[in-house]
Each structure stands twice: as structure tokens, then as C-alpha cells.
Amino acid sequence: QLQLVESGGGLVQAGGSLRLSCAVSGLNLDYYAMGWFRQAPGGRREGISCISSTGGSTNYADSVNGRFTISRDNAKNTVTVFLRMNGLKPEDTATYYCAASIGECWAQGYSGNAVWADYWGQGTRVTVSS
């Protein structure tokens with residue numbers, strides 16, 4: 001069983017930046033790929049970025065590629081996953097969720113499907129004003 005806790009959301013103007021963090025605890029953390037999903041009001045939850053269990057491979061949905069950067073810190077007994085978001089746009093407004101999967105990341109350029117995740121965080125809200 002894993003526990004995921006996101007932080008770092010908030011209100012930002014268009015063109016601004018935020019960094020989201022996800023603190024992960026539990027067993028066998030090194031086996032899990034980590035992803036960031038987002039869900040706008042009335043929309044479906046979609047995966048926007050994923051990082052492999054070792055951190056050696058990353059991918060991004062086309063909608064965020066070049067603006068967002070995912071990273072992870074595999075410390076002893078804990079993992080922290082970050083999402084650096086630059087050049088934010090009003091359409092990036094959503095609740096952002098951290099997720100963990102025992103499987104591999106989805107393919108580059110695609111949005112991840114929510115069924116990919118084995119565990120979820122509670123979400124953190126990001127609002128981008130125009």
C-alpha cells in the first residue's frame with residue numbers, strides 16, 4: 001500500500017510557473033513508475049507526464065511537452081516526484097493528481113489513461129488566470 005500526498009498548487013497568472021510535489025511513502029517504491037494526471041471541471045482525468053521507476057525515462061503529453069518537466073528523487077524509504085510547470089496557460093487550470101503504477105509509463109506524446117494508476121493522491125488545485 002502506498003500513500004501519495006501532493007502539494008504546491010495555487011493561483012498563478014498566465015505565463016507564470018508552479019512546482020508541484022508529491023511525497024510517496026510505502027513499500028518497494030523503487031518498483032513504481034510515477035505519473036501526473038489532471039482533471040478540469042467536467043472533463044476526464046488524463047495523464048500528462050510520467051517518469052519511470054529509476055527516473056531514466058520520462059514522457060509528456062503533447063499539450064504540456066516543452067513547458068512541463070517531471071522529475072523524481074528516490075531517497076531511502078521515500079520518493080518525491082516533482083512537476084515543474086512553466087508558461088502556464090488558462091487551459092492548464094485543473095486539479096492535478098499524482099499517481100503510481102507498478103507498470104511502465106505510457107507512450108510519449110499520448111495522454112495517460114486513468115486505469116494506468118494503482119494508487120492516487122488526493123489532488124492539488126491549479127488555477128491559471130488570464
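In this chain, residues are counted from 1 in sequence order.
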Residue pair [X] / [Y]: nearest heavy atoms and the distance that separates them:
X: Leu4; Y: Gln122; answer: O-OE1, 3.6 Å
X: Tyr60; Y: Ile70; answer: OH-N, 2.9 Å
X: Leu18; Y: Val12; answer: CD1-CG1, 4.1 Å
X: Leu83; Y: Ser49; answer: CD1-CB, 4.3 Å
X: Tyr32; Y: Leu27; answer: CE1-O, 3.9 Å
X: Cys105; Y: Ser52; answer: SG-N, 3.8 Å

Nearest 0.5 Å, what's the [atom1]-[atom2] distance between [X] and [Y]?
X: Asp62; Y: Ile48; atom1: CG; atom2: CD1; answer: 12.5 Å
X: Leu2; Y: Asn28; atom1: CG; atom2: CG; answer: 8.5 Å
X: Gln108; Y: Thr58; atom1: CD; atom2: OG1; answer: 7.0 Å
X: Arg72; Y: Ser53; atom1: CZ; atom2: OG; answer: 6.0 Å
X: Asn113; Y: Glu46; atom1: CG; atom2: CD; answer: 10.5 Å

Could you tell me how the ring of Trp120 sits relative to the ring of Tyr97: parallel (under 30°), tilted (30 to 60°) or perpendicular (over 60°)?
->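 The arrangement is perpendicular - the two ring planes meet at more than 60°.
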
Hey, quick one: are [X] and [Y] part of the same hydrophobic cluster, counting side-chain heavy atoms closer than 4.5 Å, chains of contacts allowed?
X: Phe82; Y: Leu29; value: no
X: Val126; Y: Met34; value: yes
X: Val115; Y: Ile102; value: no
X: Phe68; Y: Val81; value: yes

Classify the side-chain pair Asn86/Ser17 by whether it contains a donor and acceptor separated by less than 3.5 Å.
-> yes

Between Ser25 and Gln3, do the side chains contain an N or O donor and an N or O acceptor separated by less than 3.5 Å?
-> yes

side-chain hydrogen bond (donor to acceptor under 3.5 Å, both in side chains) partner of Arg38, the single match among Thr124, Thr95, Asp92 |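 Of the listed residues Thr124, Thr95, Asp92, the side-chain hydrogen bond (donor to acceptor under 3.5 Å, both in side chains) partner of Arg38 is Asp92.
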
Run the side-chain contact (heavy atoms from CB on, under 4.5 Å) check on Leu20 and Met85 step by step: do they pass?
-> CA-CA 8 Å; Leu20 305 183; Met85 305 186 295; 3.8 Å; yes

Under 3.5 Å, is there a donor-acceptor pair between the side chain of Gln13 and the main chain of Ser129?
->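 Here the side-chain-to-backbone pair does not exist.
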
Is the backbone N or O of Gly87 less than 3.5 Å from a side-chain atom of Arg67, with the two atoms forming a donor-acceptor pair by type?
-> yes

Around Glu91, counting heavy atoms of other residues, nucleotides and ligands shown, do more than 12 lie under 6.0 Å from its CD?
->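 More than 12 within 6.0 Å, yes.
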
Test log, rule side-chain contact (heavy atoms from CB on, under 4.5 Å), inputs Phe37 and Trp116 | CA-CA 11 Å; Phe37 286 69; Trp116 173 87; 3.7 Å; yes

Under a 4.5 Å cut-off applied to non-hydrogen side-chain atoms, are Val24 and Cys22 in contact?
->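 In contact.
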
